[in-house]
Every structure is written in structure tokens, then in C-alpha cells.
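Just below is one structure, and these are the notes that go with it.
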Number of protein chains: 2
Amino acid sequence: MSNNQFKRGELYSVINGMATTAVARRLQKNFRKAGLDITIEQWSVLYHLWKEDGLSQLELGIRTFRDKASTTRLIDNLEKQELVIRVASKEDRRINLVYLTDIAKPLQQITYELANQTMNEALLNITKEEIEVVKNVLQRVYDNLTSKDLI
Amino acid sequence: MSNNQFKRGELYSVINGMATTAVARRLQKNFRKAGLDITIEQWSVLYHLWKEDGLSQLELGIRTFRDKASTTRLIDNLEKQELVIRVASKEDRRINLVYLTDIAKPLQQITYELANQTMNEALLNITKEEIEVVKNVLQRVYDNLTSKDLI
DNA sequence: GACATATAGTTAGTTATGCAACTAATATAA
DNA sequence: TTATATTAGTTGCATAACTAACTATATGTC
């Protein structure tokens, strides 16, 4: 994967952190076309587990911009599809650590390709510099609204 | 309302056209704090009716980036709260024209103020030029994904 | 050790989203 | 003018979002 391509794909998580998007719908459509039966919301959780397996539900919620309740149900559904399992932490039994199953692991490659392909469609005719500005601004908007009293 | 302030507020509709956001959540919170019992999704519909009353459901769907089904149910809920009424078009009886009620009309002022205030929080420390880039890029992303086979 | 407080996660209730299949009304074409 | 296709809107089904209230475990203080 070229470094440039992947950096473009990251914009998705920023935009998606902000909203349900045309990008999200297109990615969902591309998943379906490829025969993948996962929602982009489920994918956003898997995405972070592929980067670091065994995160707590709370940590997953923070990284995917979700509250506890939404995270619980997303993981309920992921567990139903046998894509993840919950394991109670030994240090602190309040905590559920979430692990990828062998079913989920091979999905990383194909979904990354679909995400890259989708972002290339979305970012056609948009320059690297513009993308940097958008990422930067949306992050600052998010920070402005979450640093103080929210969360 | 200063022209500059209002142009800033418009970013909301672009960002929101793309996603459910920290901005959306903050605006929802500000509505609640002000005692307004409407969701930001409902507000996005009212927003377009304040600009032009009596739009069809389909047209409202296009302007708010929703499909027909979602638009139907949003308007169901708005009608339940007596904020809008549906009137069958005389020219084409398939079409429902959606009109604001006297209950909805006075909400324009206060919700615009809350939206402006929210955008000022969100866009603190972000320049006019950056905002222009973000609006422009998100619009082009949307166009890239909707011009051809989607919609 | 006992009681209050904080934290991680779950559940209930409401709203919203998307897709697909449907109804009713209108437009097109033979 | 009748049959066919298109269009506007609705409904059923599944997933997902947020708030608020809840359970269970852990921490802190007296």
C-alpha cells in the first residue's frame, strides 16, 4: 500500500467521526457489492481492533466517537456475527476486553482495499493540501466541542 | 444578523450533509437547554421550509440529503408535533406539499441564534479561508459520489 | 471493615437511517 | 384507449444513535 493512498483513506475516519456521509453510504454499498455483510459502523470498530486488538469497550467508544450504550450494542451485533468476543479483564472485572475472532481477521485486507478505492472515488480532483486543511479543521472543530464540558 | 456570522452557520449544513457530528450533538444539546423539543434532524427540515415553505417531500429529501423513506418518517414526527402539515398538491395528487404551522414559524429566530452560537463555538480559532476550503472540498466529495450512479 | 463515590457496561425508550417491497397517481406508447 | 412504465410517497424490517436509569465492580475515606 502506498503511503500516500493510505493517508488519503484516513480522511474517512475524520469525516465519519463527524457525520453519516455520502462517503459512508458509498463504502457501505461497496461492502455489499463485495459480498461483505458488515455495516460501516461495525467496520469502524473492527478498524481499530485491527490496529490494536483487545481494547476495552470504553476505549473503542472513544476511538470511534461513540457513547457507551451505542458501543455496547454495536459489539452485541459483532458478537452475534462471531466477528469479536468479549473477555472480562482479569485485573478489573468491570472491563470487557474485545478481541477479533479468526473470522474477522482476514477481512482486514479486503475492507482496507475497498476503503481506499472508495476514498479514491471520493477524493478524485481534490489535492493533498486541501485534504490536510479539511482533516485539520474537522479535528479542531471536534476538539473545540469536546475539550470542555462534553465527554 | 451579520452576514459573516450567517455564512459561518452554513457550514453546519454541509458538515451535517456529510455526517452526524460533534456539531450536531452540541446543537441538539443547545436546543434542549433552551427548552426546544425538536431534534436536529427535524430542524434541518424546518430550516429549508423557513427558506421556502410548501416544498414537496421529495424536494425536502434532496435538500436535506435524505431518501424518501427517511423523509416520510421525519415528516410523520413533525406532523405529530404539529409543526408542519401535509397538503396534497392539486396539480399532481401523488405529491405532498409540506407547510409550516403557526407553531413552527416563531421557532426560526431562536433556532437560528442557537445554530449561530453553536457554530461560533465550533469554529473558534478557524479562519474564513479554512472554512471555505472545507465547504468546497466536502461539496466536491459529495458531488463525486452522487453525480454518477448514486441517486 | 463499612459506607459513599466513581467507573464499566447493560437495558429501556425514542428517534433516525437505509433497503426493499408496496400502493396510488400520472405519463407514455401501442 | 388500454397496457406499460414512471413517479411520489408509505410501510416493514434491521441497524444504529442518544438519554437516562440501572447493575456490578472497584476505590477512597472514616
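Just so we're on the same page: letters track the sequence lines, and every chain starts at 1.
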Next on the checklist: Measuring from the side chain of B:Thr39 (C-beta onward, heavy atoms only), which nucleotide among C:dT17, D:dA17, C:dT15 has the closest atom?
Outcome noted: C:dT15
Next on the checklist: Side chains of A:Glu113 and A:Gln117 only: does a donor on one sit below 3.5 Å from an acceptor on the other?
Outcome noted: no
Next on the checklist: Please enumerate all residues that pass side chain to side chain contact (heavy atoms under 4.5 Å, CB included) together with B:Glu91, with sequence neighbours excluded.
Outcome noted: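 B:Glu91 satisfies side chain to side chain contact (heavy atoms under 4.5 Å, CB included) with B:Ser89 only.
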Item to check | By side chain to side chain contact (heavy atoms under 4.5 Å, CB included) - contacts of A:Glu130 (at least two apart) | outcome: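 For A:Glu130 the side chain to side chain contact (heavy atoms under 4.5 Å, CB included) partners, ignoring immediate neighbours, are A:Ile126, A:Thr127, B:Val133, B:Asn136, B:Val137, B:Arg140.
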Item to check | Per-nucleotide protein contact string for nucleotides 8-13 of chain C (B base, S sugar-phosphate only, - none; heavy atom under 4.0 Å) | outcome: BBBBBB
Item to check | Of A:Arg93 and A:Gln81, the one whose closest DNA chain D nucleotide lies more 5' | outcome: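 Counting from the 5' end, the first nearest nucleotide belongs to A:Gln81.
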Item to check | Aromatic ring pairing B:Tyr112/B:Tyr47, orientation class (parallel under 30°, perpendicular over 60°, tilted between) | outcome: tilted
Rounded to whole angstroms, how far apart are [atom1] on [X] and [atom2] on [N]?
X       : N      : atom1 : atom2 : value
A:Glu41 : D:dA16 : CD    : C1'   : 6 Å
B:Lys80 : D:dT10 : NZ    : P     : 13 Å
A:Asp67 : D:dT19 : CG    : P     : 7 Å

Item to check | Residues A:Glu59 and A:Arg63 bridged, charged N to O under 4.0 Å | outcome: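 Result for this pair is yes, salt bridge flagged.
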Checklist entry - Under 4.0 angstrom, heavy atoms only, what part of the nucleic acid is B:Gln42 near: base, sugar-phosphate, or nothing? => result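 The residue B:Gln42 makes sugar-phosphate contact but no base contact.
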Checklist entry - Within less than 4.0 Å of OP1 or OP2 of C:dT17, is there a side-chain N or O belonging to B:Arg66? => result yes
Checklist entry - Within the pair B:Arg32 and D:dT19, is there a side-chain N or O less than 4.0 Å away from OP1 or OP2? => result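 Checking B:Arg32 against D:dT19: at least one side-chain N or O falls below 4.0 Å of OP1 or OP2.
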